[in-house]
Amino acid sequence: MSQTLQAVRGMNDILPDEAEIWEHFEDIVRDWLKSYGYRPIRMPIVEPTPLFKRAIGEVTDIVEKEMYSFEDALNGENLTLRPEGTASCVRAAIQHNLVTGQGPQRLYYHGPMFRHERPQKGRYRQFHQIGVEALGFAGPDIDAEHIMMCARLWDDLGLEDVSLELNSLGSAEERGQHRAALIAYLEQHQDKLDDDGKRRLYTNPLRILDTKNPELQAVVEAAPKLAEYLGDESRAHFAAVQVFLKDAGIPYRINHRLVRGLDYYNRTVFEWVTTRLGAQGTVCAGGRYDGLVSQLGGKPQPAAGFAMGVERLLALWRESGGEAERMVPDVYLVHLGDAAQRLAFRAAEALRGHGFAAVLHCGGGSFKSQMKKADGSGAPVAVVIGDDEAAVGEVGIKPLRGPGGQQRVSLELLPEAVGALLYADDEGDNGGV
Ligand code: ATP
Ligand code: MG
């Protein structure tokens with residue numbers, strides 16, 4: 001016997017019980033995005049590797065060690081499974097002149113992302129993000145809008161214990177000045193740096209502030225703060241974001257060490273974190289990235305966005321009582337005999353044509369075993385067709401959840417009769433007993 005095949009490590013099957021929760025979640029998310037005027041965009045899952053190297057930065061965890069890159073066997077092109085969506089979204093906007101042709105864009109996407117990380121709870125190699133990008137907006141208003149939208153979604157989902165961390169990364173020049181001071185400081189503590197820290201000292205010292213190594217905490221805590229290097233414009237932008245947040249009653253904590261794992265950010269950056277998910281507590285992260293469009297060859301455009309980790313949000317949602325809306329058909333059709341089976345097909349299509357969800361029993365079996373399946377499906381009504389019914393072109397209908405026995409109706413009157421039963425059922429529910 002050949003060995004059974006397994007999914008790739010860190011890449012999960014989402015089975016129906018779970019997938020129904022995902023769909024319910026996605027419905028809520030879609031309504032939420034529309035209520036803020038965001039429009040969908042769908043990009044390819046595979047992109048040319050240089051896109052991510054240019055957008056995310058060579059000296060980042062993602063580009064250094066997490067990308068699934070490969071050579072196209074047919075033409076030798078270097079391709080990568082997308083590790084995030086912002087780069088692709090901006091590439092698409094530039095390629096199709098979205099902002100230059102149609103003005104500022106509020107966009108969203110969702111789908112799988114791929115990073116070669118060590119799989120653990122809340123960290124997978126294929127995971128899912130919902131991403132929001134606002135292209136062509138320069139002001140602090142859109143930064144605040146993004147944060148306020150998140151707060152509303154947590155509220156819509158009934159999530160608890162999600163808190164906001166905020167920082168400003170200033171401009172490239174301001175970061176340059178801070179960088180010099182930071183390198184000078186870290187050089188004095190070189191003996192305490194870990195391998196990542198030593199390697200990044202001159203390439204990406206800001207990322208050292210983001211280290212998760214507990215032994216480095218004291219060193220990075222005392223490092224020069226970027227906030228002290230911000231100029232007037234950056235300060236004013238950051239202050240304005242905070243005014244909007246205060247107006248909206250959204251509490252936040254300024255975290256001077258919040259620098260984000262991708263190179264493209266400037267000014268406002270934020271993360272939503274929870275203490276309920278252990279080490280993988282960041283459920284959403286984002287900020288402003290004014291330089292990215294020109295970095296990718298587009299006419300300079302300011303922009304800001306964020307991405308939510310769907311697996312982590314769902315874990316938190318489940319903790320807070322979120323659950324699937326189970327798919328329950330209106331009708332389950334059972335039948336015995338060839339003529340009855342053919343009539344059952346017609347009856348099922350007639351019901352679907354009238355907007356009812358109908359499951360037609362497939363796979364044979366006795367009436368008794370079929371009725372068990374009908375019960376298990378959760379459908380409130382069964383349609384029962386035997387030889388007798390088939391002979392005269394009629395069907396039996398039987399309430400499965402409420403009172404009342406089986407009645408017989410013609411095929412033509414079936415949808416109406418089912419409607420009457422479902423309606424009666426509603427009345428029973430509402431009226432109370
Ligand atoms: P982390 O510090 O946890 O590695 P990150 O900074 O790499 O996160 P982003 O690139 O900002 O993450 O992605 C946005 C969100 O996507 C994260 O806040 C998280 O919720 C989710 N996410 C990122 N990587 C993974 C992963 N490997 N598995 C599951 N979710 C992830
Ligand atoms: Mg990461």
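Each ligand, and each atom within it, is numbered from 1 in the order the structure gives. The structure displayed is predicted, hence computed values, not measured ones.
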task = State plainly whether the residues E349 and R346 are in salt-bridge range, i.e. N to O under 4.0 Å.
result = no
Salt-bridge criterion met for R207 and D210 (N-O under 4.0 Å) = yes
key: Short side-chain to backbone donor-acceptor contact, R312 and T282, under 3.5 Å   = yes
message = Under 6.0 Å between ring centres: does that hold for W22 and H110?
response = no
ask   = For ligand 1, is there an atom lying under 4.0 Å from some heavy atom of R312?
value = yes
request  = Please identify which atoms of ligand 1 are closer than 4.0 Å to at least one heavy atom of V283.
outcome  = 20 (O)
note = Quick note on ligand 1: atoms under 4.0 Å from a heavy atom of A285 include exactly 11 (O)
query = Hey, is D61 touching ligand 1 through its side chain, its backbone, both or neither, going by heavy atoms under 4.0 Å?
reply = neither
ask   = What part of K212, side chain, backbone, both or neither, has a heavy atom within less than 4.0 angstrom of ligand 1?
value = side chain
task = Give the ring-plane orientation class for W272 versus W154, where under 30° counts as parallel, over 60° as perpendicular and anything between as tilted.
result = perpendicular
query = Using 30° and 60° as the class limits, which term best fits the ring planes of F306 and F270: parallel, tilted or perpendicular?
reply = tilted
For [atom], which candidate among [options] provides the closest heavy atom?
{"atom": "atom 7 (O) of ligand 1", "options": "R115, E66, E311", "result": "R115"}
{"atom": "atom 26 (C) of ligand 1", "options": "F127, W272, Y265", "result": "F127"}
{"atom": "atom 13 (O) of ligand 1", "options": "Q129, M113, E271", "result": "Q129"}

